[in-house]
Each structure stands twice: as structure tokens, then as C-alpha cells.
Amino acid sequence: MLVYPSGIDVSSSALRFLSAWLRAHRRQRGTRWRRLTTGRQALLALAHLRCGHTYAQLAAGFGVGATIAYRYIAEAVEVLAALAPDLASAVKAVSRKAFVILHGTLLAIDRIAADRPFHSGKHKKHGVNVQVLADPFGRLLWASPALPGAVHDIKAARSHGIIDALTNVGLACWADKSYQGAGGTVRVPFRGRWERLSTGQQAANIAHARIRALGEQAMATLKPWRLLRKLRCSTNRITRLVQAILTLHLNCTNWGRP
């Protein structure tokens, strides 16, 4: 296999952050020697998450076996996922904000037609449902565990306890029509054909859409991670991958700057 130098559009703060936590993890486990230093292991994991390279490709580039590359990446993902905030912590952190934005997305997966629980009728493809919360500026705050793609957004929100958590602290939440009937503090646009809505309802829907559009910025922070564009791993690992990326986003700055 040919090997060539390449670059990753990830900030150096992400590399330093992950390296520090891997170093602490090795000290805790009493690890004496590894084929790769913590810095190289962090770079290996970031290359996998950001670029979506296979274990064989990364193993060749870093001079290790594919099995070792898999173990190193899995270890780094576990370390990062353990640092991701849970729903209670995220809601507590933004309880004084004016509102939050709730949005659901489908992360595509590599599955056959027989895997019906993961097939989304709305998107006409297989995937997993992930709910995200964003602040009034469109910054990503929290991402939920992954559910099968066939699960509707409102059912996913209720399953994760998002609606109850927001209602308990009295925090307003803006969401799209997929959350119609959610209740609590969740606000959704008026339903119906545009020409059948009153002038006031049309104006309310326009204002609602402008606010909700900020939630797309939060979703955009996940899209540059090419691994999430087409997940080919076990569905049991997707939650940890999303949480790992969330941790990097919340703790590192200057994304896109080497």
C-alpha cells in the first residue's frame, strides 16, 4: 500500500486536548509502553473521525497493524465519549438562556433493505436518529444517543426525556413541525397550507423559521466529520462516536485552522 503525507482540517487545540486525556488515561491504567505516543495516537483518532479513513489505510500511514489502529482509535473514542455532557448537565448549563433549539437529524449508515428498524421513511434511506440542542446563537450544546432511523423525531425526544427536562426548568424550546403535539415548553410552527393560514400565523411561522434556522448551524458542526456522512461500523458504536465528536467541539477552538 502506498503512503503519502496529508493534512487534516482540525485545530491543534484538538490534538493537544486529546493527547492530554490519553496521557492521563495511560497513567491511570499504568501503561508502560505503546507503539505510538499519545500525540500520535490522538492524531490517528482525529484522522479517522475527521476524514473517515479505514483502519487499513491509517495503519499503513502510521506504521502499525490494522488491529492496533482499531484498538487505539476505540480507546480514544471511549476517552472522549466519557467527557461528553449528559442531558441534565446540558440543560442546567443553558437554563438561563432565553431559549434553545431542538433539531433532529439522520446519520446515514451502511445497511441492507432487510434492516427495517433503521430505514427512515422520511429520508428514504437507512440511518440513525440523533437529536441535538443548540443555544440561541446556533452553537451545539448536546447530542443524544443514536436511535434507529425509523424512530420519529418526537418519539426520540420523548424517549430521551428532552421535553420533560426542558419543561422542568421552564426553558423555551423552538422546534419544527416534526415535534407537533410535544407539549411542555416546545414551540412549533402552525400547521396547514400557507395560503390557508391567517396573516398572523404566516408572520409567526416566518419568525419561527428564522429562529429555527440557527439550529442548522449546530447540525453543520457535525457534517465536516466525514465519518458521520456514511457510517459503516456497528450501530452500537455510533453513540460513542457522536459523543466523542461533541466533546471535541465543546472543548476545542479554531475549527478548520491547522
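Remark: the Tyr70 side chain and the Glu75 side chain contain no N/O donor-acceptor pair separated by less than 3.5 Å. Looking at Gln41 and Thr38, their side chains never bring a donor and an acceptor atom within 3.5 Å of each other. Side chains of Asp164 and Thr167: a donor-acceptor N/O pair is absent below 3.5 angstrom, by distance only. A donor-acceptor pair shorter than 3.5 Å cannot be found between the side chains of Thr67 and Arg71.
Tyr72 contributes a side-chain N or O that, together with a main-chain N or O of Arg35, makes up a donor-acceptor pair within less than 3.5 Å. Between the side chain of Thr105 and the main chain of Val130, no donor-acceptor pair closer than 3.5 Å is present. Asn129 contributes no side-chain N or O that, together with a main-chain N or O of Leu106, makes up a donor-acceptor pair within less than 3.5 Å. A donor-acceptor pair is defined here as one N or O able to donate and one able to accept, closer than 3.5 Å; such a pair exists between the side chain of Ser95 and the backbone of Lys92. At distances below 3.5 Å, at least one donor-acceptor pair connects side-chain atoms of Gln202 with backbone N or O atoms of Trp194. Remark: the backbone N or O of Gly121 is paired with a side-chain donor or acceptor of Lys124 at under 3.5 angstrom. Side-chain atoms of Thr239 never come within 3.5 Å of backbone atoms of Pro145 as a donor-acceptor pair (strictly under, hydrogens ignored).
Atom SG of Cys173 is separated from atom CD1 of Ile163 by 8.0 Å, given to the nearest 0.5 angstrom. Atoms NZ and CG, from Lys125 and Leu107 in turn, are 9.0 Å apart once rounded to the nearest 0.5 Å. Taking CG of Leu141 as the start and CG of Leu87 as the end, the distance is 11.0 Å to the nearest 0.5 Å. Between atom CH2 of residue Trp142 and atom CG of residue Leu246 there is a gap of 9.5 Å, rounded to the nearest 0.5 Å. Atom CD1 of residue Ile73 and atom SG of residue Cys233 lie 11.5 Å apart, to the nearest 0.5 angstrom. The CH2 atom of Trp225 lies 11.5 Å from the NE2 atom of His48; values are rounded to the nearest 0.5 Å.
Residues Trp21 and Leu44 share a hydrophobic cluster, clusters being chains of Ile/Leu/Val/Met/Phe/Trp/Tyr side chains in contact below 4.5 Å. Note on Leu18 and Tyr55: same hydrophobic cluster, where clusters join Ile, Leu, Val, Met, Phe, Trp and Tyr whose side-chain heavy atoms are under 4.5 Å apart, directly or indirectly. Transitive grouping of hydrophobic side chains (ILVMFWY, heavy atoms separated by less than 4.5 Å) brings Leu15 and Leu58 into a common cluster.
For residues 195-214, the set of pairs meeting the ring-ring contact (aromatic ring centres under 6.0 Å, His included) definition, not counting sequence neighbours, comprises Trp174-His208.
Looking at heavy atoms from C-beta onward, Pro189 lies out of side-chain contact with Gln201 at the 4.5 angstrom threshold. A 4.5 Å side-chain heavy-atom check between Leu22 and Ser19 finds every atom pair outside the cut-off. Residues Leu250 and Thr247 are not in side-chain contact: their nearest non-hydrogen atoms beyond the backbone lie 4.5 Å or more apart. At a threshold of 4.5 Å between non-hydrogen side-chain atoms, the residues Gln180 and Ile154 do not count as touching. Using a 4.5 Å heavy-atom cutoff, the side chains of Ile238 and Asn236 are not in contact. Side-chain contact between Leu214 and Phe137 is absent, with no heavy-atom pair separated by less than 4.5 Å.
Heavy-atom minimum distance, Gly149 versus Ser120: O-CB, 3.6 Å. Across all non-hydrogen atoms, the minimal contact from Arg240 to Val77 is O-CG1, 3.7 Å. Scanning both residues, Leu83 and Val79, for their nearest heavy atoms gives CG-O, 3.5 Å. Residues Tyr179 and Gly104 approach most closely at OH-N, 3.2 Å, considering heavy atoms. Residues Gly61 and Arg40 share a closest heavy-atom pair of O-NH2, 4.4 Å. Scanning all heavy atoms of the two residues, the minimum distance from Ser159 to Leu147 falls at CB-CD1, 4.4 Å.
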Next item on the list: Mind running side chain to side chain contact (heavy atoms under 4.5 Å, CB included) on Leu80 and Leu248 for me, showing each step along the way?
Entry: CA-CA 7 Å; Leu80 289 172; Leu248 289 171; 3.9 Å; yes

Next item on the list: For the pair His119 and His126, evaluate ring pair (Phe, Tyr, Trp, His ring centres under 6.0 Å) and give the outcome as yes or no after the intermediate values.
Entry: CA-CA 4 Å; His119 184 267; His126 292 80; 5.0 Å; yes

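Using a cutoff of 4.0 Å between basic side-chain nitrogens and carboxylate oxygens, Arg50 and Asp9 are scored as salt-bridged.
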